[in-house]
Amino acid sequence: ITRRPTIRTEMNFGITYNTPAEKVKRATAILEEVFRANPKTADLLISFNKFVDSALNILVVHVWNGVDAKEHFAALQELNLKIKERFDAEKIEFAFPTQTVYVKQD
């Protein structure tokens, strides 16, 4: 068994259902820009892949060129903060589990 040369991370970003299609495209572009800007990004896959219960899901598969876990986690934190800042600036909202209850009135 050889030592792995990279660290692969899968992330799911859920955005709200009321996000227009153009903003979904913008969200995927922001993710692409943020991850590609990091020099340790070896490979990247981004896809608006699912309509889940409470969100429009965007899958990110990021391959980090290196094996230092501390460096990787520190970089992920910075990447996530940049994503949060960019989404906030573009008014792209992260989703959280919600339910709508309809009350029937007679």
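The analysis underlying the following values was restricted to heavy atoms, covering all of them including side chains, and did not include hydrogens, waters or symmetry mates. Because the structure is predicted, anything quoted here is derived from the model rather than measured. In what follows, residues are counted from 1 in the order of the sequence shown.
A 4.5 Å side-chain heavy-atom check between Lys104 and Asp106 finds at least one atom pair inside the cut-off. Side-chain contact between Leu76 and Trp64 is absent, with no heavy atoms from C-beta onward closer than 4.5 Å. The closest side-chain heavy-atom distance from Ile92 to Ile30 is below 4.5 Å. His62 is not listed as a side-chain neighbour of Lys40, based on a closest heavy-atom distance of 4.5 Å or more. Using a 4.5 Å cut-off on side-chain heavy atoms (C-beta onward), Leu56 and Phe51 make contact. Side-chain contact between His72 and Thr9: present, with at least one pair of heavy atoms (C-beta onward) separated by less than 4.5 Å.
Residue-environment remark: CZ (Phe73) stays at or below the threshold of 12 foreign heavy atoms within 6.0 Å.
Transitive grouping of hydrophobic side chains (ILVMFWY, heavy atoms separated by less than 4.5 Å) keeps Val63 and Phe13 in distinct clusters. Put simply, Leu79 and Val67 are part of two different groups of oily side chains (I, L, V, M, F, W, Y) that touch within less than 4.5 Å, one to the next. Under a hydrophobic-cluster definition in which Ile, Leu, Val, Met, Phe, Trp and Tyr are linked whenever side-chain heavy atoms come within less than 4.5 Å, directly or via other members, Val61 and Ile58 are assigned to different clusters. Hydrophobic clustering (side-chain heavy atoms under 4.5 Å, transitive across Ile, Leu, Val, Met, Phe, Trp, Tyr) groups Val24 together with Leu44.
Under a 4.0 Å N-O distance rule, the pair Lys82/Glu85 does not qualify as a salt bridge.
To the nearest 0.5 Å, atoms OH (Tyr17) and CG (Asp53) are separated by 7.5 Å.
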